Amino acid sequence: MTTVRITRTALTRGALAALSGLLAGFAALATAELVSAAVRPEASPVTAVGGAAIDRTPAGVKDWAIRTFGENDKFVLQLGIVITLALLALAVGVLALRHRRTGSAAVLAFGVVGAAAAVSRPDSTGLADGLPSLAGAVAGAVLLYVLVGRLTVPRAYSRDEEGGWDRRGFLIAATAAAVASTAAGAVGRTLNGQSAQDAVASRNAVTLPAPASPAKPVPAGARLRVPGISPFTTPAGTFYRVDTALVIPKVDANTWRLRIHGRGVRRDLELTYRDLLNRPLIEREITLCCVSNEVGGPYIGHARWIGVRLADLLKEAGVRPPSRGGKADQIIARSVDGMTLGTPVEDVMDGRDAMLAVGMNGEPLPFVHGFPVRMLVPGLYGYVSACKWIEEIELTTFADHDAYWVKRKWARRAPVKTQSRIDTPKPFGRPGAGTVMVAGVAWAQHRGIDKVEIRVDDGPWRPAQLAERTSIDTWRQWSYPWKATPGGHTLTVRATDGTGEVQTEKRTKTVPDGASGWHSVVVTVE
Ligand SMILES: Nc1nc2c(c(=O)[nH]1)N[C@H]1C(S)=C(S)[C@@H](COP(=O)(O)O)O[C@H]1N2
Ligand SMILES: [Mo]
């Protein structure tokens, strides 16, 4: 009877020690959240550690994560961090029951890791960014020490007649800690949300001026009415999103500034959001795609953008392109979250519609797509051109500086490859025999699409019908009425760009400069 009771008490104490670890972890994160409100929301440990993890993820793994989790990749990462932390906290709690000081020391060690991650983030503003993690760790370590202390009171001093621990003291301390942590966390969240509210208000207050140079109207024939085809214009709500931001930056347009400086700049420029809106704006139809897009993949979208022509700003700063003796051949665009993207100066100044965009499909940029201002350069993959939440443009050289993705095995220069995609029928679809509309999109930004062809099984290539051209910077829809016969069939598409070059059959991976190859869909006609 006694043995059973001791065993049960030991089990209970073990479980309560694990719970203490969990409570200590919770208190640590809550305290960190509260302190981060005084420092910077981005300095909170989960965000900092998650960001550092993203930065250190090898290109292949990042690609796999995008392929597997798609746009939920960040949610999966955060969930992973929280689950890992919870498991560690449970283990540290059990450890503390044996070695009380060591348990607390372990909590402090995690705090140091979090602080180091926060301070080393590219957007870190200095040592202060380590404070939230350290303060959280101290709170967690002390709490763990106190709670586990209640579980290890020597029998002789125990107020509890039954076991060797202070049941009442533990319950009181644990409850108080849980309540205090919840309160601290809630206050921290609310304060951190405050600056986001200013940003939201500043976006709501924006009225985009009419563009001085409106986009040429999209020809009626550019939009096909085939069920299942990607719409010509991608609504902002379904436009793909690719970035490293765990927390979407919420930038207040009223305090935002853009600095243009560096090599070959005769006059540094500093611009406010108002300054940009007061300039003549251009409006253009531009298709944007990601270098991580697999053949047939979803990371491409088309929108009507409004912004300031970037070449004009560079000229005003005294910058000349390399072909006219300019000293800088690379623009490093920096975002508020420390991202860097490298773009050839020549491309930006060669007459194409490279812009600092403020609007997307008639609205101010959505926060996920870079509010208040992002860069866009037709013809280049997003990672070498489309800096969201931009705050700095530095003129430099490719020899002197590698941007974020280049340090991670991606190519320095990356023009978009000619690609085409079958949107309908879907892979493994079961259309009925007879005329089946095969349709999709093709793109080769800044060269344009001149031809799209379809092949059924090993048959000859046959021309698809192309929707009307909008510009060489936009994708083109296409369709092909297929006389489908019963049985299994493979449909393959290829495009020819405006320079006459046929989309290559050669399959390459996305790393280092974009996937190539033909998109095929296998269907069974019933
Ligand atoms: N600040 C910032 N800008 C960024 C990125 C990023 O991670 N951070 N990703 C780039 C990449 S890889 C692409 S493909 C485009 C995607 O833009 P979108 O999310 O608006 O579609 O943004 C680019 N701009
Ligand atoms: Mo990308």
Side-chain angles (χ1 to χ4, degrees), residues 42 50-51 53-55 57 59 62-63 65-67 70-74 77 121-123 230 233-251 256 258 286-294 297-305 307 331-343 354-361 363-393 403-411 413-417 419 443 445 475 509-515:
E42 294 80 3
I54 290 177
D55 289 350
T57 303
K62 176 220 159 209
D63 231 40
I66 287 186
R67 257 197 326 276
E71 308 196 358
N72 295 323
D73 55 350
K74 290 177 197 71
L77 174 67
R121 301 266 31 239
D123 58 336
S230 310
T233 301
T234 315
T238 54
F239 205 98
Y240 84 94
R241 170 191 172 201
V242 171
D243 56 57
T244 59
L246 265 182
V247 177
I248 298 165
K250 294 273 168 64
V251 180
W256 177 87
L258 174 73
I286 298 170
T287 301
L288 177 65
C289 62
C290 181
V291 71
S292 293
N293 198 35
E294 303 278 332
Y299 299 122
I300 176 160
H302 176 85
R304 198 174 75 238
W305 308 89
I331 281 174
I332 290 284
R334 277 198 187 81
S335 69
V336 300
D337 61 335
M339 169 56 64
T340 54
L341 289 83
T343 312
M355 66 163 94
L356 291 176
V358 292
M360 178 183 192
N361 293 337
E363 300 285 332
L365 285 180
F367 287 105
V368 272
H369 295 297
F371 182 84
V373 181
R374 79 174 305 167
M375 214 170 110
L376 281 177
V377 182
L380 305 183
Y381 285 118
Y383 85 104
V384 288
S385 65
C387 186
K388 305 193 272 190
W389 316 293
I390 192 171
E391 65 172 2
E392 185 188 336
I393 288 179
Y404 184 92
W405 297 108
V406 175
K407 291 192 185 120
R408 290 163 177 77
K409 296 216 179 92
W410 298 86
R413 295 169 188 262
V416 173
K417 294 182 178 176
Q419 272 291 321
W443 60 93
Q445 290 92 309
W475 62 7
K509 290 193 287 188
T510 56
V511 188
D513 64 352

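It should be emphasised that the depicted structure is a prediction, and the values quoted were computed from it without experimental measurement. All values below come from the heavy atoms of this structure, side chains included, with hydrogens, waters and symmetry mates left out. One-based numbering, in listed order, for ligands and for the atoms of each.
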When you measure from the side chain of W389 to the backbone N and O of K250, does any donor-acceptor pair fall under 3.5 Å?
no
Could you tell me whether D513 and K417 have a side-chain N and a carboxylate O separated by less than 4.0 Å?
yes
Could you check whether any side-chain N or O of T510 sits under 3.5 Å from a backbone N or O of E294, counting only pairs where one atom can act as donor and the other as acceptor?
no
For the pair T234 (side chain) and H302 (backbone), establish whether a donor and an acceptor sit closer than 3.5 Å, ignoring hydrogens and angles.
yes
For S385, side chain to side chain donor-acceptor pair (under 3.5 Å) partners two or more places apart:
none
Which pairs of N or O atoms, one from ligand 1 and one from the protein, are separated by less than 3.5 Å, and what is the distance for each pair?
unit_1, atom_1, unit_2, atom_2, d
ligand 1, 1 (N), S335, OG, 3.3
ligand 1, 1 (N), K388, O, 3.1
ligand 1, 3 (N), K388, N, 3.0
ligand 1, 7 (O), T244, N, 3.0
ligand 1, 9 (N), V242, O, 3.2
ligand 1, 17 (O), R374, NH2, 2.9
ligand 1, 19 (O), V242, N, 3.1
ligand 1, 19 (O), K388, NZ, 2.5
ligand 1, 20 (O), H369, ND1, 2.6
ligand 1, 20 (O), R374, NH1, 2.7
ligand 1, 20 (O), R374, NH2, 3.4
ligand 1, 21 (O), Y240, O, 2.7
ligand 1, 22 (O), R374, NH2, 3.4
ligand 1, 24 (N), A386, O, 3.0

Between D243 and K74, does at least one N-O distance fall below 4.0 Å, as a salt bridge requires?
yes
